[in-house]
Protein chains: 2
Amino acid sequence: MFQIDRFGRVPIYEQIIDQTQRLIASGILKEGDQLPSVRALSQELSVNPNTLQKAYSELERRGLCVSAPGNGRFVTADASKLVGEGCKGRLDEIRSIAEELCAAGIPLEDALGAVNAGYGKETRQ
Amino acid sequence: MFQIDRFGRVPIYEQIIDQTQRLIASGILKEGDQLPSVRALSQELSVNPNTLQKAYSELERRGLCVSAPGNGRFVTADASKLVGEGCKGRLDEIRSIAEELCAAGIPLEDALGAVNAGYGKETRQ
DNA sequence: ATAGGTGTACTATCTGTTATAGTACACTTG
DNA sequence: CAAGTGTACTATAACAGATAGTACACCTAT
């Protein structure tokens with residue numbers, strides 16, 4: 001369910017956060033679904049429970065899941081909507097990169113092509 | 001000439017590298033131009049000389065500048081071309097983000113609009 | 001030749017973040 | 001009650017980033 005890269009610069013707890021959000025965004029994790037327990041996921045990934053606790057706490061702070069002590073941790077009703085809103089900040093990232101590409105003289109078409117490719121439209125130009 | 005953010009997660013030496021590359025990409029720094037000396041820039045930015053040395057060494061490793069010991073450090077002839085090539089890797093970043101946006105249900109038009117905005121085309125949709 | 005600027009190299013230290021280890025406790029369900 | 005859940009806390013290790021300080025080699029202008 002999760003893929004951890006231990007050598008990159010992205011902290012493990014942040015990878016968990018990102019990947020959980022993606023699972024929600026793509027509909028694989030839906031409202032009411034139970035997240036893996038810190039202990040279970042700790043064993044599966046060979047990661048310290050505290051690290052996972054940190055990730056889950058942040059997801060909770062963002063309103064993507066709620067904890068039911070003694071029971072488990074579950075995806076909230078508005079998780080999907082919240083993730084969608086959060087994704088809009090990514091548009092600024094794209095805009096920022098596009099500015100650089102523009103300054104570097106990369107053709108606009110190349111940048112647009114990259115977006116289309118990400119959306120699955122394999123554009124032959 | 002340089003703007004340092006001491007609170008973000010991006011290391012200072014990396015900010016120097018990025019900003020120098022942008023200055024080259026945008027043509028503000030051209031072939032033969034002299035870069036600020038480690039000592040001078042150290043004072044201007046209140047940054048340790050070693051940190052700047054680290055940034056400059058990396059720029060040199062990438063072939064964007066050469067050092068003339070006792071003289072200064074200068075932008076190379078192919079700096080602009082090299083930066084341009086390097087920028088193409090940024091297209092993959094855009095593609096990656098676009099995939100996420102697609103999974104999150106953000107309309108393709110929004111993503112394309114962000115690219116156009118970065119290129120200075122203020123698209124009213 | 002000298003002074004002052006340049007790049008370069010090296011060691012040591014401080015700091016914050018990340019991750020781990022271990023323990024303890026409260027809660028819910030079966 | 002037992003087993004699984006979340007939660008809290010302290011302590012430690014490891015690493016990257018940044019700083020401090022020193023020393024040396026090189027070039028240029030005076």
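First the proteins, then the strands, lettered A, B, ... as listed; each starts at 1.
Protein chain A touches strand DNA chain D; the 5'-most and 3'-most nucleotides with an atom under 4.0 angstrom of its non-hydrogen atoms are D:dG4 to D:dG17.
Not counting sequence neighbours, A:Glu44 has no partner by the side-chain hydrogen bond (donor to acceptor under 3.5 Å, both in side chains) test. Listed by chain and number, the residues in a salt bridge (Lys or Arg N to Asp or Glu O under 4.0 Å) with B:Glu14 are A:Arg9 (sequence neighbours excluded). Every side-chain contact (heavy atoms from CB on, under 4.5 Å) that B:Ala79 has, sequence neighbours left out, goes to B:Ile24, B:Leu64, B:Val75, B:Thr76. Shown here are the side-chain hydrogen bond (donor to acceptor under 3.5 Å, both in side chains) partners of B:Asp33, two or more places apart in sequence or in another chain: there are none. Judged as a side-chain hydrogen bond (donor to acceptor under 3.5 Å, both in side chains), and not counting sequence neighbours, B:Asn71 has no contacts. A:Arg6 is linked by a salt bridge (Lys or Arg N to Asp or Glu O under 4.0 Å) to nothing, counting only residues two or more places apart in sequence or in another chain. In this view, A:Arg39 satisfies the salt bridge (Lys or Arg N to Asp or Glu O under 4.0 Å) rule with no residue, not counting sequence neighbours. Remark: B:Ser67 pairs with B:Glu60 by the side-chain hydrogen bond (donor to acceptor under 3.5 Å, both in side chains) rule, at least two apart or across chains.
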Tell me which donor-acceptor pairs under 3.5 Å the side chains of residues 98-106 of chain A have, and how far apart each pair is, sequence neighbours excluded?
residue, atom, partner, partner atom, Å
A:Glu99, OE2, A:Arg95, NE, 3.4
A:Glu100, OE1, B:Arg90, NH2, 3.1
A:Glu100, OE2, B:Arg22, NH2, 2.9
A:Glu100, OE2, B:Arg90, NH2, 2.7

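Of the residues in residues 50-70 of chain A, those lying under 4.0 Å from DNA chain D by heavy-atom distance are A:Asn50, A:Gln53, A:Glu60, A:Ser67, A:Pro69, A:Gly70. Listed in residue order, the members of residues 33-48 of chain B having a heavy atom less than 4.0 Å from DNA chain C are B:Ser37, B:Val38, B:Arg39.
Hydrophobic clustering keeps B:Val83 apart from B:Leu91 (ILVMFWY residues linked when any side-chain heavy atoms are closer than 4.5 Å, directly or through intermediates).
The distance between atom CZ of A:Arg9 and atom P of C:dT18, rounded to the nearest whole Å, is 12 Å. Rounded to whole Å, atom P of C:dA19 lies 5 Å from atom CD1 of A:Ile12.
Of the side-chain N and O atoms in B:Arg73, none sit less than 4.0 angstrom from OP1 or OP2 of C:dG5.
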